[in-house]
Amino acid sequence: MALLGAGHHVYDFDEAKWIVSSPAILETLELFKTIYIDEGLGEVRWQLVQNGRDLSFEAFSKGEVAMLVEGDYFWRGPIAPETGNYAMANRNEVVNFAMMPAKEPGSGYRGQDFVSASGGTGYVLNPNTAHPDLAWQLLTYMFSKDSVDALQVLQPRIRARTDVSVPNDEVMTRIASEVLPLSTIRPQLPEYNQVSAQIQLMTERIVSGEMTPMEAMEAYDAAVTEIVGEDNVIRIPLD
Amino acid sequence: MQKAILSRELSLLFLAPALVFIALFLLYPFFSIIQMSFTNQTLVGANAINPQNVGFQNYVELFNTKDWMRQGEMGHSLWLTVQFVIGSALIGQAMLGLGIATAFNNRKGLLREIVFTLAIAAWIIPDVVVAFAWFAYLDPEGTLNMMLQAIGIQPLDWLFDYPMFSIILFNTWRGTAFSMLLFSSALASIPPSYMETADVIGASPWQKFRDILLPLLRRYIATDLILITLWTFNTFTPFLLTGGGPINRTNVISIYTYSVGLRFFEFGKASAIAVVVMLINLVLASIYLFVSRNQQGKTA
């Protein structure tokens, strides 16, 4: 997400190629270095151990951390007042979201002032089904406004339907209306799992102090090029 | 020659269910993995539907000398595995097991029962429970650090700063029972008169251990070392503690195979790793068979 704020995605959807080296990637890594190494503003350990994310949730819920980069899951899951693993009874009074700013106004992904990244669930019809019409009818029923509205009572989420709101939750409603239009997704490609592991490794190498931003980007470039092939990568020259 | 109770046909019939199971669950996967290791089969993408035969390409990639010691690659992973096996199996489990067995040789009493029970308990508790307990034990504010602090040692972040040492410690604790049991039954088979004679002529405990017990235990030690080497080589439990991290520092071969196969879904390449691991295991098992046959020859 920091990379989106610096100007581009890991993947260029127009060119259908991976961006493996660029000034924005380098700036992103410099930002991590500033936060975790130079100024010690973030907890290095949480970025590197198995249960790091849970530890950050726990510290936040105890008031030991001021700010986390998280999404609606954090709000409706871990710190939900009654159901969360790190429940915060006073969540609605003390927690709020700010949008992720781009490096400068207008310099984020697609020229945006603010950036966001999203995931989600999808349903597909099995192409081998003997009853495509029935399956389609079932999905149509499952995703009708009435059905999804009923589901919202049980599991309030940001839904794919724009005419279904999140009931009784101002924060979630605001994320749906203000942040979702700015959001983007991970590339839904077979190689993504491997590239994702390389992105993770690249950040870990910075956060642990093992490599400089330049070295880590070069290692990332080499590894991703090996995964997707030289024909499928873009390198934006450094200034 | 004694007449067989069952005819050959009938005995084959009785064996058939077992043979079918072996064929289905041992032989079929064995050959399908070898076959798959020569393809570029994946779980998702174009190669999932139409895997191509790529010959030895997966193997060439695994043994690519330029990258192979890079973090998260095969060579690096094998090197970590060697450290893990030497540390936890050969030094940890075997030495500790031998130590406990010798210390309680020919002794009875509450202490022996307690030590043996604890060691065996550590061996038989399910993996997930054990991993959870060790996670709490090695935490920066965990039990181990509490104990260290009580004797004036600064707390350490075990899983973060000493991940390899942590999983070695863990696996030693986990598996010592086997060596301990093996050695203690081997020791029980040594006639007490040997030791008593040594006592009479005034041998020190170390001399008794070196000159009487060790030579008599030699072939049990060989058996033990090979078996625990094989098991430790293939164990996956450290994954529950470290996930192979931080930054691949505990990426032992079983975890490496898992991440290629089930995280990146590269079935072809993962099968190639599995075949390499299988060959290494085969070499270890051959050494085991060779050594144990040689010993039999000597004792006969």
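Protein chains get the first letters and strands the later ones, always in sequence-line order, with residue 1 at the start of each.
Chain A forms more heavy-atom pairs under 4.5 Å with one residue of B:Pro163, B:Gly244, B:Gly243 than with any other, namely B:Gly243.
Residues A:Phe57 and A:Leu68 form a side-chain contact, since some pair of their non-hydrogen atoms from C-beta on lies under 4.5 Å apart. Here the side chains of A:His9 and A:Leu4 are in contact, with some heavy-atom distance below 4.5 Å. Residues B:Met147 and B:Ile153 are not in side-chain contact: their nearest non-hydrogen atoms beyond the backbone lie 4.5 Å or more apart.
Just one residue in the list A:Phe74, A:Tyr86, A:Trp75 forms a ring-ring contact (aromatic ring centres under 6.0 Å, His included) with A:Phe60, and that residue is A:Phe74. Exactly one of A:Ile236, A:Thr28, A:Leu238, A:Ile234 qualifies for a side-chain contact (heavy atoms from CB on, under 4.5 Å) with A:Ser22. That residue is A:Ile236.
Looking at A:Ala219, there are no atoms closer than 4.5 Å to chain B (heavy atoms on both sides), in backbone or side chain. For B:Leu43, no part sits under 4.5 Å from any heavy atom of chain A, backbone or side chain.
Listed by chain and number, the residues in a side-chain contact (heavy atoms from CB on, under 4.5 Å) with A:Ala80 are A:Thr83, A:Arg91 (sequence neighbours excluded).
Contact detail for A:Ala6 and A:Ala24: the closest heavy-atom pair is O-CB, 3.6 Å.
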Table up the donor-acceptor pairs between chain A and chain B that sit under 3.5 Å, atom names plus distance.
residue	atom	partner	partner atom	Å
A:Arg45	NE	B:Asp157	OD1	3.0
A:Arg45	NE	B:Asp157	OD2	2.2
A:Arg45	NH2	B:Asp157	OD1	2.8
A:Gln50	NE2	B:Phe239	O	3.3
A:Asn193	ND2	B:Arg263	O	3.4
A:Gln194	NE2	B:Glu266	OE1	3.0
A:Arg205	NH2	B:Gln71	OE1	3.4
A:Glu210	OE1	B:Gln71	NE2	3.4
A:Glu210	OE2	B:Gln71	NE2	3.3

